[in-house]
Amino acid sequence: MSTSPDANGVKGKLTHGAPLAPLVWFKSGGAAEWLFEPADLADLRDFLRNLDPAVPVMALGLGSNLIVRDGGVDGVVVRLGKTFAKVTQGGDLTLDCGAGASGILVSSTARDAGIAGLEFLRSIPGTVGGFVRMNGGAYGGEVKDILVDCDVVLRDGSLRTLPVADLHYTYRHSDLPEGAIVAAARFRGRPGTPDAIQAEMDRIAESREASQPLRSKTGGSTFKNPDGHKAWQLVDAAGCRGLTMGGAQVSEKHTNFLLNLGHATSAEIEGLGEEVRRRVKEKSGVELEWEIQRVGKK
């Protein structure tokens, strides 16, 4: 990194060489050159405005859909804390959500307000910022169906509100500007009753419990579903169920999940994913695309 971030005037917490493994679901990987946890929106904007434009910046949410490579991450990793985790009811069946709010908090607040259509967020392990960036989806719902707009802090510290159309959402992808940090989002649902919404949330939770390895060191869905296929079926058909590499394993419960069985390195986890991709290509001719983000140096 060309220059160190200026800690002068920073109200939040700026840490050099911060280990990232404890902050991600896989519990593996190296350190952030710098980890910044802003005190509030103004602090985040000031920090980015004063940061050398050459320094790379990435946001970290709950760390669920992420492999941090063993060599760590150059530049600044921004982690939004409790100040950014609030959810309040707006008008017209909308919720104002901080980017650090979890899917469970958003869906529960929607339930209490009688707003249906956000139940699927209950099942996505992550925060609003990650949902917005990745067009998060599950159980028939996607963020593109409920997002009104989002507030983003651009790399130069400026704040912009982007309507959903500006994100050009496709499957698990948005055109969010490089280095932009999602700070907040507005979601809109439809009228519902708290009882019916809770019943749908329960149905989703039970389905997830039955099919996914929830109490494991995992990263969620590993590969995107290719057109006309389910990734897990392709992985299974290629004989990869239970396949291991070092301390990493393809889940036997759900073959689109990779597990850290104990002390796997990120290289083992990513290497296992690449081996699965190779075997699937060989077996079915389909090129699986990673859904999990891989960041940092090997």
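Just the heavy atoms: all of them, side chains too, but no hydrogens, waters or symmetry mates, feed the values below.
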If you compare all heavy atoms of [X] against all heavy atoms of [Y], which two are closest, and at what distance to 0.1 Å?
| X | Y | value |
| --- | --- | --- |
| Ser251 | Pro213 | OG-CG, 3.7 Å |
| Val164 | Leu147 | CB-O, 3.5 Å |
| Ala205 | Arg122 | CB-NH2, 3.6 Å |

(message) Any carboxylate oxygen within less than 4.0 angstrom of a Lys/Arg side-chain nitrogen, looking at Glu275 and Arg279?
(response)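 Yes, this pair counts.
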
(request) Would you mind checking if Glu289 and Lys224 are paired as a salt bridge, meaning a charged N to carboxylate O distance below 4.0 Å? (result)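 Salt bridge: yes.
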
(message) Please list all pairs meeting side chain to side chain donor-acceptor pair (under 3.5 Å) that have one or both residues in residues 53-70, counting only residues at least two apart or in different chains.
(response)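 Matches after skipping sequence neighbours: Arg69-Glu270.
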
Using links of under 4.5 Å between side-chain heavy atoms of ILVMFWY residues, direct or through other members, which residues join [X] in one cluster?
| X | value |
| --- | --- |
| Val286 | Phe26, Ile67, Phe223, Leu234, Val235, Leu243, Met245, Val250, Leu258, Ile269, Leu272, Val276, Val280, Leu288, Trp290, Ile292 |
| Trp232 | none |
| Leu60 | Leu20, Leu23, Val24, Leu35, Met58, Leu66, Val68, Val73, Val77, Val295 |

(request) Scan for salt bridge (charged side-chain N to carboxylate O under 4.0 Å, His left out) pairs involving residues 8-23, sequence neighbours excluded, and state none if there are none. (result)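 Residue pairs with at least one partner in residues 8-23: Lys11-Asp40.
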
(request) Can you measure from CE (Met201) to CD1 (Ile104) and round to the nearest 0.5 angstrom? (result)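 Going from CE on Met201 over to CD1 on Ile104, the span is 8.0 Å.
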
(request) Look at atom CZ of Arg160 and say whether more than 12 heavy atoms of other residues, nucleotides or ligands are closer to it than 6.0 Å. (result)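 Open: at most 12 neighbouring heavy atoms sit under 6.0 Å from CZ of Arg160.
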
(message) Tell me whether His263 at atom NE2 has more than 12 heavy atoms from other residues, nucleotides or ligands lying less than 6.0 Å away.
(response)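 Check fails, neighbour count at 12 or below.
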
(request) Decide yes or no on side chain to side chain donor-acceptor pair (under 3.5 Å) for Asn135 and Ser174, but give the supporting numbers first. (result) CA-CA 7 Å; Asn135 187 21; Ser174 73; over 6 Å; no

(request) Please collect all ring pair (Phe, Tyr, Trp, His ring centres under 6.0 Å) contacts where either partner lies in residues 68-93, sequence neighbours excluded, each pair once. (result)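 Applying ring pair (Phe, Tyr, Trp, His ring centres under 6.0 Å) to every pair that reaches into residues 68-93, excluding sequence neighbours, yields nothing.
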
Using only heavy-atom distances, determine whether the side chains of [X] and [Y] contain a donor-acceptor pair under 3.5 Å.
| X | Y | result |
| --- | --- | --- |
| Ser266 | Ser28 | yes |
| Thr193 | Asp195 | no |
| Thr161 | Asp149 | no |

(request) Kindly indicate, with the supporting measurements, whether the criterion side-chain contact (heavy atoms from CB on, under 4.5 Å) is fulfilled by Gln89 and Thr109. (result) CA-CA 8 Å; Gln89 189 178 353; Thr109 308; 5.7 Å; no

(message) Using a 3.5 Å distance criterion without hydrogens, assess whether the side chain of Arg241 forms a donor-acceptor pair with backbone atoms of Glu252.
(response)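 Side chain of Arg241 to backbone of Glu252, a donor-acceptor pair under 3.5 Å: yes, one is there.
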
